[in-house]
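Here's the structure we're looking at; comments come further down.
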Amino acid sequence: VPLSDFISEFSDNIVFDKEAPSIGDMEYSGKTANVEGSTYYLDEDSDIKIPVSDSGSGLDIDSVVVSVNSSELSLDDGDYSIESDEDNYYIVIPDSVFSDGASDLSISCNDRLNQGSSKSYKVYFDRYNIDLDVSMSVDGDVFIDSVSGKGITYTSGDITLSVLNLDTI
């Protein structure tokens, strides 16, 4: 066999994969509130979904490790699941594994060549209520239309809403 045929055959059957899986940004299926730069997840029975892709050898599903506050979750016990479509895998974590307040979520995984990735997230849950103390101030003239019965307030200035005494858990 000529060397050129061997090299041609060889290069058609080997793919060089030097990239670890890519772990994406967290998605949430429920309602959220942004408080002082932190996103709070508010709903019960909602999921956190994290995309994982690997364009090379593919994700080694058995290598996936999901931890909340340093405690490893179990795929077999249903603490999380792994879904897939044509291009990505998705790690789906039900909100029931999180306590209200701040939690540390970490994901690590390898591809089939044992090239690893990991990513950490700070997750805030408050499914029952957020106790807000709100104050409003108006800089400018104010007119309250009490005659029409609509209760409309008019102002020529800026309105400032402040959240006071927020319990950030």
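Keep in mind the model is a prediction, meaning the values are calculated, not measured. Note: hydrogens, waters and symmetry copies are ignored here, and every other heavy atom, side chains too, is used.
- Of all heavy-atom pairs between K122 and D104, the closest is NZ-OD1, 2.9 Å.
- The cluster map of Ile, Leu, Val, Met, Phe, Trp and Tyr, joined by side-chain heavy atoms under 4.5 Å apart, puts Y121 and V64 in the same cluster.
- Side chain of D77 to main chain of D79: no donor-acceptor pair is present (N/O by atom type, distance under 3.5 Å, no hydrogens or angles).
- Here the closest non-hydrogen pair linking N69 and S103 is OD1-CA, 3.4 Å.
- Side-chain contact between M26 and V123 is present, with at least one heavy-atom pair separated by less than 4.5 Å.
- Closest of all the heavy-atom pairs between E72 and S67 is CA-OG, 3.7 Å.
- More than 12 heavy-atom neighbours from other residues, nucleotides or ligands sit within 6.0 angstrom of CG on D85.
- Nearest heavy atoms, G24 versus I50: O-CG2, 3.7 Å.
- A donor and an acceptor atom, one from each side chain of D43 and Y28, are nowhere located under 3.5 Å apart.
- Residue-environment remark: CG (N34) exceeds the threshold of 12 foreign heavy atoms within 6.0 Å.
- One distance of note links OG of S106 with CD1 of I23; it measures 9.5 Å at 0.5 Å rounding.
- Atoms OG and CD1, on S117 and I107 in that order, are 12.0 Å from each other to the nearest 0.5 Å.
- Note: I159 CD1 to D139 CG = 10.5 Å, rounded to the nearest 0.5 Å.
- The hydrophobic cluster containing V65 does not contain V52, counting ILVMFWY residues as joined when their side-chain heavy atoms lie under 4.5 angstrom apart, directly or transitively.
- For the pair Y80 and V92, the minimum side-chain heavy-atom distance is 4.5 Å or more.
- With a 4.5 Å cut-off on side-chain heavy atoms, L105 and V66 count as touching.
- For the residue pair D17 / S57, a side-chain donor-acceptor distance below 3.5 Å is found, with atom types taken as modelled.
- Here Y90 contributes atom OH and K49 contributes atom NZ; the two are 6.0 Å apart, rounded to the nearest 0.5 Å.
- For the atom pair D47 CG and S81 OG, the distance stands at 7.0 Å (nearest 0.5 Å).
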Kindly determine whether T32 and L42 satisfy side-chain contact (heavy atoms from CB on, under 4.5 Å), including the steps that lead there. CA-CA 6 Å; T32 62; L42 305 176; 5.6 Å; no
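- Between F125 and F98, the two ring planes are parallel [angle under 30°; tilted spans 30° to 60°].
- One finds the CG atom of N114 at 7.5 Å from the OG atom of S63 (value rounded to the nearest 0.5 Å).
- Formation of a donor-acceptor pair under 3.5 Å by the S84 side chain with backbone atoms of Y89 is not found in this model.
- Note on L75 and V68: same hydrophobic cluster, where clusters join Ile, Leu, Val, Met, Phe, Trp and Tyr whose side-chain heavy atoms are under 4.5 Å apart, directly or indirectly.
- Considering only heavy atoms from C-beta on, V97 comes within 4.5 Å of L73 through its side chain.
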Walk me through it: do D54 and Q115 pass the test side-chain contact (heavy atoms from CB on, under 4.5 Å)? CA-CA 10 Å; D54 188 273; Q115 299 174 110; 5.8 Å; no
Worked check of side chain to side chain donor-acceptor pair (under 3.5 Å) between Y41 and D126: CA-CA 6 Å; Y41 302 100; D126 190 341; over 6 Å; no
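- Side-chain contact between Y154 and I152 is present, with at least one heavy-atom pair separated by less than 4.5 Å.
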